[in-house]
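All remarks here apply to the structure that follows.
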Protein chains: 2
Amino acid sequence: MSNVKVLPLLEPEAPEAVVPCCPPLTERPLTADEAEKTARMFKALGDPVRLRLFSLVASHEGGEACVCDISDVGVSQPTVSHHLKKLKEAGLLTSERRGTWVYYRVEPAVVAAMGQMLGSLG
Amino acid sequence: MSNVKVLPLLEPEAPEAVVPCCPPLTERPLTADEAEKTARMFKALGDPVRLRLFSLVASHEGGEACVCDISDVGVSQPTVSHHLKKLKEAGLLTSERRGTWVYYRVEPAVVAAMGQMLGSLG
DNA sequence: CCTTTGTTTCGACATCCATCGATCCCTTGC
DNA sequence: GCAAGGGATCGATGGATGTCGAAACAAAGG
């Protein structure tokens, strides 16, 4: 396509309203908008490779993991990168570059919100 | 920080562990098999229409809903049926025919299990 | 039997998406 | 400046998936 890299599409790191979407799924039917937003988060965990990457980050010492620590999930490196990007876009992970390596960590509020929608609070 | 409990392998006290799959995502990385299983459940909620249908059933009076009660989500009726089937295959819903109508209800244990995988991240 | 109404299945189609190799970008070290 | 290695992006591709209309199936009533 284009080599026009001047288009400002999305600001770097869309801050995004992180938490406040949606009551427990049992409380009332979701609106179309709410469902659209929320489904993105569930869809992000709806792939086996992404789910593994997510649990690798979530369970990693210090609550964060370098890409090099979690790249052994049976797919190529570009694919790993692609999935991490998806998880990031869904708001489930954040990333930070420190020197040579890029570290990913879980966004706790978002994941907690998903859990609450499923009624895990009992 | 709280618990470093030894994990009780696989048999004691599983009152209604209808879902044999998987500890909280923070506890340890999922295996490929576990991820495959679990991703199916999250994927089922990863579509806006399915998520709406699910919340319609979950929040409906009596804990169940007839297809005719929840068919107004903006897609054709065959599509509704297709999505309900997907939710059923994922183990999130069950169905029962009573006379003319078919009623769907939530499978609580499965949903609770999903919530627990996410809930301990707070 | 035939008709009506609720629900599922079938076939077809367009779109999305996971995956890869190749390539490019970034940082560090020589 | 240049080489090396970690990560991200690009372009292509095969397979999965959401959607619909038409048709089939099931139960209830005339």
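These numbers come from the heavy atoms of this one structure, side chains and all, not from hydrogens, waters or symmetry mates. Naming convention: chains lettered A, B, ... in sequence-line order (proteins, then strands); numbering from 1 in each chain.
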Notebook entry, point to check: Is B/Arg98 salt-bridged to B/Glu64, going by a charged N under 4.0 Å from an acidic O?
Noted result: yes
Note to self: Using every non-hydrogen atom in the two residues, find where B/Arg40 and B/Ala90 come nearest and quote the distance to one decimal.
What the structure shows: O-CB, 4.1 Å
Next item on the list: Go through residues 45-62 of chain B and report each residue with a non-hydrogen atom lying under 4.0 Å from DNA chain D, sorted by number.
Entry: B/Asp47, B/Val49, B/Arg50
Note to self: Taking the basic N atoms (NZ, or NE/NH1/NH2) and the acidic carboxylate oxygens, is any pair closer than 4.0 Å for B/Glu107 and B/Lys88?
What the structure shows: no
Margin query: Using a 4.0 Å heavy-atom cut-off to protein, can you give one letter per nucleotide of nucleotides 1-12 of chain C, 5' to 3': B if the base is in contact, S if only the sugar-phosphate is, - if neither?
Written below: -----SBBB---
Item checked: Test: A/Glu36 and B/Arg52 ion pair at under 4.0 Å -> no
Checklist line | Pair B/Leu92-B/Met114, side chain to side chain contact (heavy atoms under 4.5 Å, CB included): steps then yes or no | finding: CA-CA 10 Å; B/Leu92 300 181; B/Met114 292 177 67; 3.7 Å; yes
Note to self: Under 4.0 Å from OP1 or OP2 of C/dC17: is there any side-chain N or O of A/His83 that close?
What the structure shows: no
Checklist line | A/Phe54 side, atom CZ; B/Thr38 side, atom OG1 - distance, nearest 0.5 Å | finding: 12.5 Å
Note to self: Testing the basics here: between B/His60 and B/Ala65, what is the closest heavy-atom pair and its distance to 0.1 Å?
What the structure shows: CG-CB, 3.7 Å
Check: Is the shortest side-chain N/O distance from A/Lys43 to OP1 or OP2 of C/dC16 below 4.0 Å?
Finding: no
Next item on the list: Please report, rounded to the nearest Å, how far the P atom of D/dA26 is from the CD atom of B/Glu96.
Entry: 17 Å
Margin query: Looking at every non-hydrogen atom in both residues, tell me the closest pair between A/Glu34 and A/Arg28 and how far apart they are.
Written below: OE2-NH2, 2.8 Å
Margin query: Could you report the tightest heavy-atom contact between A/Ala39 and B/Asp47, atom names first, then the distance?
Written below: CB-C, 3.7 Å
Item checked: Nucleotide nearest B/Lys86 (side chain, heavy atoms from C-beta), chosen from C/dC17, D/dG18, D/dC20 -> D/dG18
Notebook entry, point to check: Using rotation axes that map the C1' atoms of four end pairs onto the next four (five pairs an end), what angle separates the end axes of the helix from C/dC1-D/dG30 to C/dC30-D/dG1, to 10°?
Noted result: 10°
Check: If you round to the nearest 0.5 Å, how far is CG of A/Leu87 from CE of A/Met41?
Finding: 12.5 Å
